[in-house]
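Labels below follow one simple rule: chain letters A, B, ... track the order of the sequence lines, proteins then strands, and each chain is numbered from 1. For clarity, every value in this text was computed on a predicted model and none was experimentally measured.
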Protein chains: 2
Amino acid sequence: MTKEGTYMTEDNRLPALEELSEKTTKERIIEAATDIFAQRGFDAVSMSEISEAVGIKKPSLYYHFASKDKILENILEYPIERMKQVGSQEVGTEELISSMSLEEFMAMGADLIVNWTEEPRMEKTLRIIFVEMYHNDKIKEFYSAFIDLTYSSWEMIFTLMMKHELIKPFDPRMLAKEYISFYGNAYLDYFLLRYRPNTSSFRKEYGDLIDRHTAFTVSIIKK
Amino acid sequence: MTKEGTYMTEDNRLPALEELSEKTTKERIIEAATDIFAQRGFDAVSMSEISEAVGIKKPSLYYHFASKDKILENILEYPIERMKQVGSQEVGTEELISSMSLEEFMAMGADLIVNWTEEPRMEKTLRIIFVEMYHNDKIKEFYSAFIDLTYSSWEMIFTLMMKHELIKPFDPRMLAKEYISFYGNAYLDYFLLRYRPNTSSFRKEYGDLIDRHTAFTVSIIKK
DNA sequence: CCTACCGATCGGTAGG
DNA sequence: CCTACCGATCGGTAGG
């Protein structure tokens, strides 16, 4: 968090161009820890193990992070930042809805939800979130906010669809919950029951099922 | 697993009636461990802590269970036995469907699913299952079987409902997945995100939402 | 069911 | 970023 890299640049020269694209030790720690935590969970992983993966000795980790908990905190900043990015680009939903067919919009929506898991770092972080949720208050807060935002977005979308008479009348909040539950359940299945890092992806395993969920939803709500 | 209670009955007399209703130490260990594992997870709980809750010393636990893992294994036998019980009493689904209204049957189905969580021991065991699923193969096996059985049961139910022309035509497997996802998601929310032992219950927190889910489902499928 | 004990490992610190 | 080290705690055993 502070004075990153001061140890390695104490000669005070400007870094060469090549070095700018190299990962800092701090970044390498985060990447290694994300990887190993995603595989075996936070508690089961020791600081020695992380340092070995990075290629340094255990006490050197404490130069970059004050504690094991701080490493986890840093890892969790990533999805929070990514959620803010997605949130800020949310513009013109109504124009989008009236500019395409119901089928097209729903397919686009499904794609957005699936894309969330496509980036490898995000996928590993989501795994950590699901595994550690039961006893980590920061993760609970993040996941709650993530779910609430998703419900509210789709409540708004379905409300607009009704306004434009694209779909039959429903309680939009309830419809959002029904629609999104399918994804929550798929996440539970993927991240807790069947997680095998680097051998598969959410899209590959659930893509077809999600297409069918989209078709099912359209068939039910379409006016 | 073997020779239970031999230490305490080495005088070879028949146990008094009163003793028959008393819990054996082995049972008390299971109950205490279930309680504490449900609260804080398997790895975070020490054998000392369990023994303290029971009122014995740590090494005495090893008279009843060969290892900490064996305690968990014993705890997991409970839901497996309960599932077998429920499975074996599954008779006359078709008569049931044709003997009541769609609304009545769906309300009864929702009740069965919610009842699964009402028994305190089952609730705690379900919490342990959700918390430890990510790294415990036996739990994965159990949960997979539980989910598959649920999907298959509802696939059969919806197939029979179509045969009796109570509901519109659907792919019954897909309809089962859509219907059950709502519960899977509610479990995820309850057991991982909002679990507060002894202060609430699944029925209390999700009863209303599930009634609305049942009504939503009926409104969509009813012929 | 207990006392006494063990090796292993953990997160973290001191001091350079 | 390293060597050397620490106190605490863990699951489990020996022997009664």
Side-chain angles (χ1 to χ4, degrees), chain A residues 1-13 15 19 22-33 36-37 39-75 128 132 135-136, chain B residues 1-13 15 19 22-33 36-37 39-75 128 132 135-136:
Chain A
M1 300 228 141
T2 57
K3 298 173 293 177
E4 176 189 335
T6 49
Y7 190 93
M8 300 203 66
T9 58
E10 57 190 349
D11 58 357
N12 248 342
R13 64 176 169 77
E19 287 174 289
E22 275 173 12
K23 289 162 185 167
T24 66
T25 303
K26 194 169 180 177
E27 283 166 346
R28 283 163 56 220
I29 294 169
I30 290 300
E31 282 176 20
I36 313 177
F37 288 159
Q39 286 181 52
R40 310 215 325 279
F42 180 78
D43 290 330
V45 174
S46 71
M47 290 296 266
S48 297
E49 204 173 340
I50 297 168
S51 70
E52 251 176 66
V54 176
I56 59 178
K57 298 293 178 186
K58 183 180 70 164
S60 305
L61 292 176
Y62 291 89
Y63 172 76
H64 299 281
F65 296 96
S67 67
K68 192 184 173 190
D69 282 310
K70 290 289 180 192
I71 297 180
L72 182 57
E73 281 178 32
N74 191 300
I75 288 173
I128 296 171
E132 303 298 333
H135 66 169
N136 184 306
Chain B
M1 301 228 144
T2 57
K3 299 173 296 178
E4 176 188 335
T6 50
Y7 190 91
M8 300 201 67
T9 58
E10 57 192 348
D11 58 356
N12 247 344
R13 63 177 169 76
E19 287 175 288
E22 276 173 10
K23 291 164 185 167
T24 65
T25 303
K26 194 169 180 177
E27 284 167 344
R28 283 164 56 220
I29 293 170
I30 290 300
E31 282 177 21
I36 314 178
F37 289 160
Q39 286 180 51
R40 310 217 323 281
F42 180 77
D43 290 330
V45 175
S46 70
M47 291 295 266
S48 298
E49 204 173 340
I50 297 168
S51 70
E52 252 177 64
V54 176
I56 60 178
K57 298 293 178 186
K58 182 180 71 164
S60 304
L61 292 177
Y62 291 88
Y63 173 76
H64 300 281
F65 296 94
S67 67
K68 194 184 172 190
D69 283 310
K70 291 287 181 194
I71 297 180
L72 181 57
E73 280 179 32
N74 191 299
I75 289 173
I128 296 171
E132 303 297 333
H135 66 170
N136 185 304

Counterpart residues, salt bridge (charged side-chain N to carboxylate O under 4.0 Å, His left out), relative to B:R40 (two or more places apart): B:E49

Determine the stems involving DNA chain C; a stem requires 3 or more consecutive pairs of the Watson-Crick or G-U wobble kind, each with both distances below 3.5 Å, and the answer is none if no such run exists. C:1-16 with D:1-16

Minimum-distance nucleotide (side-chain atoms of A:H64 versus D:dC2, C:dC2, D:dC1): D:dC1

Can you list everything that forms a salt bridge (charged side-chain N to carboxylate O under 4.0 Å, His left out) with A:E52? Sequence neighbours excluded, please. none

Kindly give the heavy-atom pair with the smallest separation between B:E132 and B:F42, and that separation in Å. OE2-N, 2.7 Å

State, with a plain yes or no, whether a side-chain heavy atom of B:H135 is found less than 4.5 Å away from one of B:D43. yes

Please pick, from D:dC1, D:dT3, D:dT13, the nucleotide with the shortest atom-to-atom distance to any side-chain atom of A:K57. D:dT3

note: B:E52, atom CD; C:dC2, atom C1'; distance rounded to Å ~ 15 Å

Check nucleotides 8-11 of chain C for protein N or O atoms closer than 3.5 Å to its own N or O atoms and list the pairs.
| from | atom 1 | to | atom 2 | distance (Å) |
| --- | --- | --- | --- | --- |
| C:dG11 | OP1 | A:V45 | O | 3.3 |
| C:dG11 | OP1 | A:K68 | NZ | 2.9 |
| C:dG11 | OP2 | A:M47 | N | 2.9 |
| C:dG11 | N7 | A:K58 | NZ | 2.8 |
| C:dG11 | O6 | A:K58 | NZ | 3.4 |

Calculate the interatomic distance between B:D69 atom CG and D:dG12 atom C1'; express it in whole Å. 12 Å

Could you list the residues that satisfy side chain to side chain contact (heavy atoms under 4.5 Å, CB included) with B:A66, not counting sequence neighbours? B:K70

Do B:I71 and B:M47 have side-chain heavy atoms sitting under 4.5 Å apart? yes

Can you run down the salt bridge (Lys or Arg N to Asp or Glu O under 4.0 Å) pairs that involve residues 53-68 of chain B, sequence neighbours left out, and say none if there aren't any? none

Within this structure, what is the OH-to-C1' distance between A:Y63 and D:dT3, rounded to whole angstrom? 18 Å

Please report, rounded to the nearest Å, how far the P atom of C:dG12 is from the CD1 atom of A:I50. 10 Å

B:N74 side chain near B:I29 side chain, heavy-atom distance below 4.5 Å: no

